[in-house]
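Encoded as structure tokens, the structure appears first; notes follow it.
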Amino acid sequence: MSREALPLVAPDLSAFARSLGQALKTRPAAEPPGHVELLNLIARAAGHRNVQALRAATERPLPVAPLAAEDRPVLPLTANARKALMQFDSRGRLVRWPHKFSVQRLAMWVLWTLFDGRRRYTEREVNTILMTANAFGDHVTLRRELVNHRLLARKSDCSEYWKLPARPDAEAQALVAAWRASRPRPSPRRELAVEEATRPRRGVGVQAGAVHSRRVAADRGGEQAPAQATAHQERVVGDAGQPLD
């Protein structure tokens, strides 16, 4: 008999050995099994009817395991996707608001990936994310367009925002993949800073400069902050256009 390479895959080795052992114990004959019988016992322990069924199963192509994200082939970019990618700088920020609607739509998909679908955001948190994601200083337009494109939803009083479950088409998927490949990897310190900036805190409306000044005052044993620091806080509030609550 010619030798035949017949692969055998046992998903659970313990279950395979247990099944084969029980089959050997329940054999009526006292003599050891013959060659063909032993092959059939092994095939049955692996979940096949007999060795012929095992051979037929191995002739079918095995399913291909999914590739890791870094090993997947890069999808080709359409002309609009290339234009959309050009709207982002080397840090991944949107540098201008595109004129064409088709390019705007693609850019919105990139910003959509910055939000977590498992949590709810306040308007201030959405603003913080979008201010970091653009370089032309118009996070209000970006926030409104994300809602208009049905990528974000919000309550009627704008007190809460959340990411809508959506599936980008092939054109948007190619853009997002190219955008992720072109932007630098953020350092753990920067990721922590972004997380801290978007985390809900008590006393919403307090500016970062005011928090820092209060911490300095606490470290000095309750000493009042200098007048210059207070004036600086007032200038920060005026420049941001958002008075303290």
Side-chain angles (χ1 to χ4, degrees), residues 69-70 74-75 77-155 158-201 204-209 211 236-237 239-242:
E70 59 271 15
V74 179
L75 299 175
L77 293 178
T78 64
N80 280 334
R82 285 195 298 269
K83 291 180 181 178
L85 186 60
M86 293 174 59
Q87 311 306 310
F88 293 88
D89 62 12
S90 60
R91 296 169 56 185
R93 301 178 305 170
L94 188 63
V95 296
R96 64 184 68 85
W97 180 240
H99 296 292
K100 293 181 61 176
F101 176 80
S102 57
V103 180
Q104 295 175 10
R105 179 187 68 85
L106 290 171
M108 291 297 99
W109 280 111
V110 172
L111 300 181
W112 175 78
T113 64
L114 303 177
F115 294 88
D116 185 353
R118 298 167 297 180
R119 58 165 295 189
R120 298 294 178 106
Y121 297 85
T122 65
E123 186 172 83
R124 187 180 294 269
E125 291 171 338
V126 173
N127 291 343
T128 299
I129 293 173
L130 295 179
M131 283 190 289
T132 305
N134 86 91
F136 58 96
D138 192 357
H139 62 278
V140 176
T141 294
L142 300 180
R143 188 187 67 221
R144 181 182 65 247
E145 291 301 319
L146 281 168
V147 174
N148 291 341
H149 284 79
R150 297 184 179 180
L151 298 178
L152 289 185
R154 64 186 176 188
K155 288 186 175 181
C158 300
S159 62
E160 196 171 71
Y161 288 73
W162 60 94
K163 180 179 182 177
L164 289 176
R167 183 175 181 82
D169 55 20
E171 186 179 36
Q173 289 181 27
L175 170 63
V176 171
W179 174 79
R180 285 175 173 165
S182 63
R183 64 187 297 227
R185 291 179 178 271
S187 64
R189 181 176 299 179
R190 177 176 176 82
E191 290 181 344
L192 180 61
V194 173
E195 181 182 353
E196 289 289 339
T198 59
R199 181 179 299 172
R201 299 177 181 178
V204 175
V206 178
Q207 297 295 328
V211 174
V236 171
V237 173
D239 295 341
Q242 299 177 354

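In what follows, residues are counted from 1 in the order of the sequence shown.
- A search for salt bridge (Lys or Arg N to Asp or Glu O under 4.0 Å) contacts involving Arg154 returns nothing, not counting sequence neighbours.
- Put simply, NZ on Lys100 and CG on Asn80 are 4.5 Å apart, with the number rounded to the nearest 0.5 Å.
- In terms of heavy atoms, Ala84 sits closest to Leu175 at CB-CD2, 3.7 Å.
- Remark: Arg82 engages no residue in a side chain to side chain donor-acceptor pair (under 3.5 Å) (not counting sequence neighbours).
- Between the CZ atom in Arg120 and the OG1 atom in Thr122 there is a gap of 13.0 Å [rounded to 0.5 Å].
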Compile the donor-acceptor pairs under 3.5 Å between side chains in residues 106-118 and protein atoms, sequence neighbours left out, one pair per line.
from   : atom 1 : to     : atom 2 : distance (Å)
Trp112 : NE1    : Leu151 : O      : 3.4
Trp112 : NE1    : Leu164 : O      : 3.2
Thr113 : OG1    : Val110 : O      : 2.5
Asp116 : OD1    : Arg118 : N      : 3.0
Asp116 : OD1    : Arg118 : NE     : 3.1
Asp116 : OD2    : Arg118 : NH2    : 3.4

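- Gln173 and Pro168 get closest at one heavy-atom pair: NE2-O, 2.9 Å.
- Evaluation of the side chain to side chain donor-acceptor pair (under 3.5 Å) rule for Lys155 yields no partner, not counting sequence neighbours.
- Remark: Arg119 is positioned above the aromatic ring of Tyr121, its terminal NZ or CZ atom under 6.0 angstrom from the ring centre and at most 45 degrees off the axis.
- When the side chain to side chain contact (heavy atoms under 4.5 Å, CB included) test is applied to Arg96, the partners found at least two apart in sequence or on another chain are Gln87.
- The two atoms that bring Pro98 and Gln104 nearest to each other are O-NE2, 2.7 Å, heavy atoms only.
- Not counting sequence neighbours, the partners of Thr141 by the side chain to side chain contact (heavy atoms under 4.5 Å, CB included) test are Trp97, Asp138, Arg144, Glu145.
- Leu146 is not listed as a side-chain neighbour of Val126, based on a closest heavy-atom distance of 4.5 Å or more.
- Taking 4.5 Å as the limit, every side-chain heavy atom of Met86 sits out of range of all side-chain heavy atoms of Val103.
- For the pair His99 and Lys83, the minimum side-chain heavy-atom distance is 4.5 Å or more.
- Separating the CE atom in Met131 from the CG atom in Leu142 is a distance of 11.0 Å, to the nearest 0.5 Å.
- Taking CD1 from Ile129 and CZ from Arg143, the interatomic distance works out to 12.5 Å, rounded to the nearest 0.5 Å.
- In terms of heavy atoms, Leu85 sits closest to Ala178 at CD2-CB, 3.9 Å.
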